[in-house]
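Note on naming: letters A, B, ... go to the chains in the order of the sequence lines (proteins, then strands), and numbering restarts at 1 for each one.
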Number of protein chains: 2
Amino acid sequence: MDDEAPGLPRRPRADGQRTRQLILREAVSLATVDGLEGLSIGNLAKALGISKSGLYAHFGSKQELQLATVDEAGRIFQAEVVEPALAAPAGLAQLVAVCDAFFDHLQRRTLPGGCFFAGAALEMGTRPGPVKERVAGFQGAFVGLIRQFAAAALRQQQLPAAEDPDFLAFELNGIILAADTNFVLHDDTGVLDLARQVVRRRLGVAPAQLDAGDDLR
Amino acid sequence: MDDEAPGLPRRPRADGQRTRQLILREAVSLATVDGLEGLSIGNLAKALGISKSGLYAHFGSKQELQLATVDEAGRIFQAEVVEPALAAPAGLAQLVAVCDAFFDHLQRRTLPGGCFFAGAALEMGTRPGPVKERVAGFQGAFVGLIRQFAAAALRQQQLPAAEDPDFLAFELNGIILAADTNFVLHDDTGVLDLARQVVRRRLGVAPAQLDAGDDLR
DNA sequence: GTCAATGTAGCACGACCGTTCGTGCTGCCA
DNA sequence: TGGCAGCACGAACGGTCGTGCTACATTGAC
């Protein structure tokens with residue numbers, strides 16, 4: 001992931017890495033609003049209160065900044081969506097949990113422009129290069145995770161035997177994308193409630209208590 | 001749709017309207033690659049072999065160009081997706097037809113960057129203004145159309161009575177978005193075959209003959 | 001405590017952005 | 001057929017883009 005050319009012994013200082021981390025957090029946020037390509041060095045530096053060249057010292061080029069931003073977005077997604085799902089019991093519950101974690105992730109508004117990867121996938125899909133490949137890698141890994149959950153649920157006979165893990169993963173990924181698109185477009189949390197119900201109805205589990213015990217407002 | 005400020009009696013010439021049409025077609029194509037915001041006057045003019053100012057005579061501002069581009073994309077979508085679906089018999093067949101028409105639309109590669117509205121919705125969702133509103137209008141109308149088809153199929157008892165038109169429209173819209181995202185990202189027509197199967201399995205109709213009689217290559 | 005490495009700033013560059021201007025050319029209607 | 005509005009052009013505006021360069025401040029290791 002964070003490979004470095006071994007010929008250049010770059011030994012970053014402690015505060016430098018802290019600044020780099022702050023830059024990347026802000027970069028992920030801005031990228032969900034302006035896009036990964038529309039993310040500009042000047043805007044990013046202004047939002048952080050540092051100079052363009054000060055920022056530029058951390059990343060040799062805009063493409064390196066984009067790659068590091070994708071990785072940072074992956075870390076956030078891992079912490080906010082994947083890990084909560086992995087904490088759920090394997091099988092059908094995990095399948096529901098990963099969708100709910102995604103909807104919670106949106107509702108929490110960690111990122112101002114919705115899901116980073118949904119936007120980045122459509123934006124970079126038409127721009128071949130290492131950035132697109134990295135985005136595609138994360139997206140493919142996530143769909144693979146859902147398929148893995150679905151296969152486990154099938155093995156535990158918590159789903160009809162006629163179900164197909166690939167089909168199911170495709171559908172659930174679609175529900176997730178539809179939720180993100182409609183949420184971003186209409187800024188209405190009711191979309192997320194609808195999505196939660198759709199997931200449960202599709203998987204044949206009992207509807208959740210949407211108003212009990214969640215402090216997501 | 002094509003409203004004009006009534007204070008200025010603009011009486012366009014025939015060749016002017018033809019040029020304007022050529023500009024908009026190219027604008028829609030470029031926008032699916034560079035995004036609606038990344039679409040630049042200079043690039044568009046260069047692609048058309050005309051000057052920036054010559055192009056600018058047709059649209060007073062970039063926003064007007066964007067609005068007209070969204071409308072043109074809507075016309076293309078209407079002709080390529082909606083009208084073929086409307087030609088199918090009402091009910092379940094229409095529900096399948098609208099999805100198939102969308103997948104065909106992608107496979108035909110009318111636009112180089114996949115579905116215009118899928119990209120525009122995610123891109124403009126974070127940018128309030130008239131352009132976002134117009135995109136949201138088209139997107140909402142399309143989901144409404146799917147729901148209408150679903151309701152008709154339910155009325156004709158071609159679907160289980162437990163199905164809900166809103167839920168179904170949400171799911172099918174999701175399948176469509178997943179198909180577009182994966183197709184754009186991986187440039188693999190196999191994704192579209194998978195999507196066609198997913199739709200049929202979900203709706204409980206017989207699998208299509210994917211290789212018989214379609215000249216889509 | 002010294003010193004080299006690292007972090008940040010300021011400045012400037014060429015290119016491109018959206019936009020405006022002045023100026024011809026030309027299809028259309030009176 | 002004359003006149004005029006629509007069309008297209010080249011040039012230029014102020015800004016911002018990504019990207020370099022140099023200079024100074026800060027830091028960590030010896």
Flag if over 12 foreign heavy atoms under 6.0 Å of CZ, B/Arg18:
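No, CZ of B/Arg18 has 12 or fewer neighbouring heavy atoms, counting only those of other groups under 6.0 Å.
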Taking atom [atom2] of [N] as reference, at what distance in whole Å does atom [atom1] of [X] sit?
{"X": "A/Gln21", "N": "C/dG7", "atom1": "CD", "atom2": "C1'", "result": "17 Å"}
{"X": "B/Lys46", "N": "D/dC9", "atom1": "NZ", "atom2": "P", "result": "15 Å"}
{"X": "B/Gln17", "N": "D/dA8", "atom1": "CD", "atom2": "P", "result": "12 Å"}
{"X": "B/Phe59", "N": "C/dT20", "atom1": "CZ", "atom2": "P", "result": "15 Å"}
{"X": "B/Leu55", "N": "C/dT20", "atom1": "CG", "atom2": "P", "result": "14 Å"}
{"X": "A/Arg20", "N": "C/dT6", "atom1": "CZ", "atom2": "C1'", "result": "14 Å"}
{"X": "A/Tyr56", "N": "C/dT6", "atom1": "OH", "atom2": "C1'", "result": "18 Å"}
{"X": "B/Lys62", "N": "C/dC17", "atom1": "NZ", "atom2": "P", "result": "9 Å"}

Determine which pairs satisfy salt bridge (charged side-chain N to carboxylate O under 4.0 Å, His left out) with at least one residue from residues 42-56 of chain A, sequence neighbours left out, and list them in order.
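For residues 42-56 of chain A, and leaving out neighbouring residues, there are no salt bridge (charged side-chain N to carboxylate O under 4.0 Å, His left out) pairs at all.
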B/Pro12 side-chain proximity, nearest of D/dC7, C/dT19, D/dC17
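Comparing D/dC7, C/dT19, D/dC17 against the side chain of B/Pro12, the answer is D/dC7.
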Are OP1 or OP2 of C/dT8 and a side-chain N or O of A/His58 less than 4.0 angstrom apart?
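Yes, because at least one side-chain N or O of A/His58 sits under 4.0 Å from OP1 or OP2 of C/dT8.
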Ignoring hydrogens and angles, tell me if any N or O in the side chain of A/Thr32 forms a donor-acceptor pair with the backbone of A/Ser29 under 3.5 Å.
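Judged by distance alone, yes, a pair lies under 3.5 Å.
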Determine yes or no for a side-chain-to-main-chain donor-acceptor pair under 3.5 angstrom, with A/Glu123 supplying the side chain and A/Leu36 the backbone.
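Yes; judged by distance alone, with no hydrogens or angles, the pair exists.
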Taking all non-hydrogen atoms of both residues, which atom of A/Thr69 and which atom of A/Ala27 are closest, and how far apart?
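Reported closest heavy-atom pair: OG1-CB, 3.6 Å.
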Quick one, which residues of residues 24-40 of chain A touch DNA chain C with a heavy atom under 4.0 Å?
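Correct list: empty, so none.
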Side-chain donor/acceptor of B/Lys52 to base of D/dG10, under 3.5 Å:
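It does not, because no donor-acceptor pair links the side chain of B/Lys52 to the base of D/dG10 below 3.5 Å.
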Taking only residues two or more places apart in sequence, or in another chain, which ones meet A/Thr110 in a side chain to side chain donor-acceptor pair (under 3.5 Å)?
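Partners of A/Thr110 under the side chain to side chain donor-acceptor pair (under 3.5 Å) test: A/Glu80.
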Sequence neighbours excluded, which residues qualify as side chain to side chain donor-acceptor pair (under 3.5 Å) partners of A/Asp100?
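Side chain to side chain donor-acceptor pair (under 3.5 Å) check on A/Asp100 returns A/Arg200.
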Is there any protein nitrogen or oxygen under 3.5 Å from a nitrogen or oxygen in nucleotides 21-29 of chain C, and what are the pairs?
residue, atom, partner, partner atom, Å
C/dT26, O2, B/Arg13, NH1, 3.0

Using a 4.0 Å heavy-atom cut-off across all strands, classify A/Ile50 as base, sugar-phosphate, or nothing.
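Contact class for A/Ile50: sugar-phosphate only.
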Please enumerate all residues that pass ring pair (Phe, Tyr, Trp, His ring centres under 6.0 Å) together with A/Phe142, with sequence neighbours excluded.
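Scan of A/Phe142 (ring pair (Phe, Tyr, Trp, His ring centres under 6.0 Å), adjacent residues dropped) gives A/Phe77.
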Return the 5'-most residue of the pair A/Gly49, B/Gln63 with respect to DNA chain C, ranking by each residue's nearest nucleotide.
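Its nearest nucleotide lies further toward 5', so the answer is A/Gly49.
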How many angstroms lie between OG1 in B/Thr126 and CD in B/Glu37, if you round to the nearest 0.5 Å?
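That separation rounds to 9.0 Å.
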